[in-house]
Amino acid sequence: MSLTEKDKATVKALWGKISKSSDAIGADALGRMLVVYPQTKTYFTHWSDLSPNSAPVKNHGKNVMSGVALAVSKIDDLTAGLLDLSEQHAFTLRVDPANFKILSHCILVVLAIMFPKEFTPEVHVAMDKFFCGVSLALSEKYR
Amino acid sequence: MVEWTDFERSTIVDIFSKINHDIVGPAVLSRCLIVYPWTQRYFSKFGNLYNAAAIMGNPNVAKHGKVILQSLEKAVKNMDNIKGTYAELSVMHFEKLHVDPDNFKLLADCLTIVVAAQFGKAFTGEVQAAFQKFLAVVVSSLGRQYH
């Protein structure tokens with residue numbers, strides 16, 4: 001299920017429209033994830049406040065989306081482009097890769113909420129494939 | 001026996017009272033067939049599914065999308081016994097339709113996305129959690145009679 005040229009163009013076109021809202025997207029997706037999938041809270045016990053729109057959630061949402069921005073820029077070779085992030089997730093953070101799917105789903109829900117007209121089925125399939133590719137690249141160094 | 005909070009019950013009833021089956025049903029099924037194309041394997045008799053435009057304009061897809069939404073209403077009306085309500089449907093999906101139950105989750109995810117798009121900011125994390133819990137029970141009930 002690798003990205004076709006059409007998929008890459010679709011992802012880049014959508015990113016062009018949504019990137020200025022990336023902080024808001026990240027904060028909402030992360031905040032939502034912690035509520036909808038409470039098991040993900042186990043990775044953030046060091047935060048004082050796990051509620052949506054809290055400072056740690058907003059800040060970390062920004063971090064996540066800057067990773068997404070990096071992935072868009074390296075869309076032609078996600079494995080190579082996300083190598084450092086993969087090492088970080090594999091050796092330091094040790095996030096179970098099943099959670100990548102969970103966060104990807106939450107980001108897609110936020111895109112549907114914030115950009116209902118742009119998030120057509122064709123855009124949805126390209127973005128779903130993109131996040132699958134990102135998740136795979138992030139898992140690269142795990143074992 | 002699934003335990004529902006008052007918030008979850010009222011959220012599910014509220015969402016389903018506000019969605020138009022004739023619009024959401026076709027939108028959900030066509031999105032599923034486009035985003036997860038392997039699901040088309042169950043609809044070989046539906047005619048032209050060659051591309052997104054064909055799927056979205058296909059009257060058989062639209063009709064069947066409405067059937068699915070109407071069936072979900074039954075679960076909304078019987079939230080304390082979704083498993084019993086869907087027992088026959090589960091048998092049918094296994095014995096007659098031979099649907100891989102993993103596909104139920106794919107359709108459920110598409111429904112979440114379509115409802116999110118309609119409700120916008122009102123589709124908060126708490127609302128999403130309630131909605132996805134309901135869909136998880138539906139998905140589980142549909143797979144329950146497989147053997």
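Below, each value reflects all heavy atoms present in this structure, side chains not excepted, and no hydrogens, waters or symmetry copies. Within every chain, numbering begins at 1; the chains are lettered A, B, ... in the order of the sequence lines, protein sequences first and strands thereafter.
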**Report entry** Salt bridge present between B:E8 and B:K133 (N-O < 4.0 angstrom)
**Finding:** yes

Requested in this report: Name the orientation class of the two ring planes belonging to B:F94 and B:Y146 (parallel below 30°, tilted from 30 to 60°, perpendicular beyond 60°).
Outcome: tilted

Query raised in the report: Quick one: of B:V35, B:D109, B:T112, who has the most non-hydrogen atom pairs under 4.5 Å with chain A?
Result: B:V35

Query raised in the report: Have B:N103 and B:Y42 got a donor and an acceptor in their side chains that come within less than 3.5 Å?
Result: yes

Report task. Assess the pair B:F16 and B:F134: is the distance between their ring centroids shorter than 6.0 Å? Result -> yes

**Report entry** A:D96 bridged to A:K101 by N-O distance under 4.0 Å
**Finding:** no

Query raised in the report: Which answer fits B:Q132, side chain, backbone, both or neither, if we ask what part of it has an atom under 4.5 Å from a heavy atom of chain A?
Result: side chain

Requested in this report: Please flag which part of A:Y37 lies under 4.5 Å from any non-hydrogen atom of chain B: side chain, backbone, both or neither.
Outcome: side chain

Query raised in the report: For B:Y36, is it the side chain, the backbone, both or neither that has a heavy atom under 4.5 Å from a heavy atom of chain A?
Result: side chain

Report task. Tell me, for A:M33 versus chain B, whether the close heavy atoms (under 4.5 Å) come from the side chain, the backbone, both or neither. Result -> neither

**Report entry** Proximity breakdown for B:T124 and chain A, heavy-atom pairs closer than 4.5 Å
**Finding:** backbone

